[in-house]
2 protein chains.
Amino acid sequence: MARTRGSHSDITGPRVERAALRLFAKHGYAAVSMRQIATEVGVQAGALYNYTPDKQMLLVSLMKTHMQDLLAAYEAWPKPVDPLGRLEAFTRFHLSFNSERPEAVFISYMELRNLTPEHFNEIAALRSRYERALVEILEDGVQDGIFQLEDARVTAFAIIGMLTQVNTWFREDGRLSRADVEALYWTMVQRLVSA
Amino acid sequence: MARTRGSHSDITGPRVERAALRLFAKHGYAAVSMRQIATEVGVQAGALYNYTPDKQMLLVSLMKTHMQDLLAAYEAWPKPVDPLGRLEAFTRFHLSFNSERPEAVFISYMELRNLTPEHFNEIAALRSRYERALVEILEDGVQDGIFQLEDARVTAFAIIGMLTQVNTWFREDGRLSRADVEALYWTMVQRLVSA
DNA sequence: GCTTGATCTGAACGGGTGTTCATATCATCC
DNA sequence: GGATGATATGAACACCCGTTCAGATCAAGC
């Protein structure tokens, strides 16, 4: 036995990524073995090394892809020009984007400590570009006199913190729909910056 | 060689806990070996089993202790009777308590997935007792007509989310002092519930 | 249909894992 | 100062780890 029938990198590659994503999110990077990932893919452990140089890069690749997707999707998201409209767009985008990929969000936050300093800095830079976008919205709103707040950076952290926290409790079949949650949080974000 | 000079469980026990806390927080539960913990304590791996039945219980014990300390400290915290005063007390307590034990806070949130279902439920029950305290403050304030909010449970999550997030960016030698941060967040919490 | 390169297997590598236990030494109390 | 229990060692257990690689089999293009 060697190459198996039907095998193709276009199929196996994405399956490796999805299996790693799921298992890393569920058990943590360090707790997951290459053999577990391989089993989930339906392949032997050695075959994984056709798709990643090593385990570390598998994690880095997942995190980097997620952060780049986040930035790209945010740039493509429709945004009004006025600060209030942009703040609403940011709020709804964040909730929507994060709710669709809870595993990647979880990993990108949890597994930072398993990165080498260079990889960590790379991911942190992408993250702070995103945070910076929110800070700018807040500063613009203050300058226009429509937002009132003491510290734009701290307020930005507070907003992101409370929005990201949603993933820890939201359930599809729960008391509230996604639309309910979006509406509630948009109201709260408005309160946080209201003049 | 066997028992070493000066050895005593009153000394070694706490050192085992502190070493485990520090290493679990830094590298993650699964990534830390019993031999690493033992090295940090200055002892051989076998000696750790005088202080914990196994590695899992070492984690559970740390998390349970943290959650119980949290609840006990909150109950002992001075609390006014009016909802606004209680909300301020909760806000300042949470920031103060969490800032003093960032490692335990981190572990208690991050390593939930490494618990067996029974231990998970135990920790989750303690956590929800704490959350419930905030929900009650909010509900009382609404009833008294001094708070305005749409959903007490979601607002409670939002408040806890934004307060807990502080630990991810606050630095002792940063731009803002602890008192600055407390003041900023108390202002924001007030905005979140203001009538 | 043959060739070529992509894809996977299966075994092996050195080393690390959590845990147990017989044994030795120390601290403590009579 | 001798007896007793608490405390640690160090070796061993069976097993799992990430990674490598020669060789086998398949897919794809000529």
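Lettering of chains follows the sequences in order, A, B, ..., and the numbering in each one begins at 1.
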*When the distance from CD1 of A:Ile11 to C1' of D:dA27 is rounded to whole Å, what number comes out?*
11 Å
*Donor-acceptor under 3.5 Å (A:Tyr29 side chain, A:Gln56 main chain)*: yes
*For B:Lys64, which residues count as a side-chain contact (heavy atoms from CB on, under 4.5 Å) partner, sequence neighbours excluded?*
B:Gln68, B:Glu122, B:Ile123, B:Leu126
*Return the residues of residues 14-34 of chain B meeting this criterion: a heavy atom under 4.0 Å from some atom of DNA chain C. Order them by number, or give none.*
B:Val32, B:Ser33, B:Met34
*What residues, two or more places apart in sequence or in another chain, satisfy side-chain contact (heavy atoms from CB on, under 4.5 Å) together with A:Ser61?*
A:Thr65
*Taking only residues two or more places apart in sequence, or in another chain, which ones meet A:Pro80 in a side-chain contact (heavy atoms from CB on, under 4.5 Å)?*
A:Asp82, A:Ala89
*Between C:dT20 atom P and B:Asp54 atom CG, what is the distance in whole Å?*
8 Å
_Those residues that, when tested against A:Glu75, pass salt bridge (Lys or Arg N to Asp or Glu O under 4.0 Å) (two or more places apart)_ = A:Arg129
_Check: C:dG16 base within 3.5 Å donor-acceptor of B:Arg35 side chain_ = no
_salt bridge (Lys or Arg N to Asp or Glu O under 4.0 Å) pairs, two or more places apart, involving residues 13-40 of chain A_ = A:Arg22-A:Glu40
_Summary of side-chain hydrogen bond (donor to acceptor under 3.5 Å, both in side chains) pairs that have at least one residue in residues 131-140 of chain A, sequence neighbours excluded_ = A:Arg86-A:Asp140
*By a strict heavy-atom criterion of less than 4.0 Å, which residues belonging to residues 38-52 of chain A are in contact with DNA chain C?*
A:Val43, A:Gln44, A:Gly46, A:Ala47, A:Asn50, A:Tyr51
Identify all pairs in which a protein N or O lies below 3.5 Å from an N or O of nucleotides 27-30 of chain C, and state each distance.
| residue | atom | partner | partner atom | Å |
| --- | --- | --- | --- | --- |
| C:dA27 | OP1 | B:Gly6 | N | 2.7 |

*Does a nitrogen or oxygen in the side chain of A:Ser9 sit under 4.0 Å from OP1 or OP2 of C:dA6?*
no
*Check whether any side-chain heavy atom of B:Leu87 sits under 4.5 Å from a side-chain heavy atom of B:Leu134, and report yes or no.*
yes
_ring-ring contact (aromatic ring centres under 6.0 Å, His included) contacts touching residues 116-136 of chain A (sequence neighbours left out)_ = A:Tyr74-A:Tyr130, A:Phe90-A:Tyr130, A:His94-A:Tyr130
*Could you name each residue pair satisfying ring-ring contact (aromatic ring centres under 6.0 Å, His included) that touches residues 3-23 of chain B, not counting sequence neighbours?*
none
*What salt bridge (Lys or Arg N to Asp or Glu O under 4.0 Å) pairs are there with at least one residue in residues 147-162 of chain A, not counting sequence neighbours?*
A:Glu150-B:Arg191, A:Asp151-B:Arg175
*Measure the distance from NZ on B:Lys55 to C1' on C:dT20 and round it to the nearest whole Å.*
17 Å
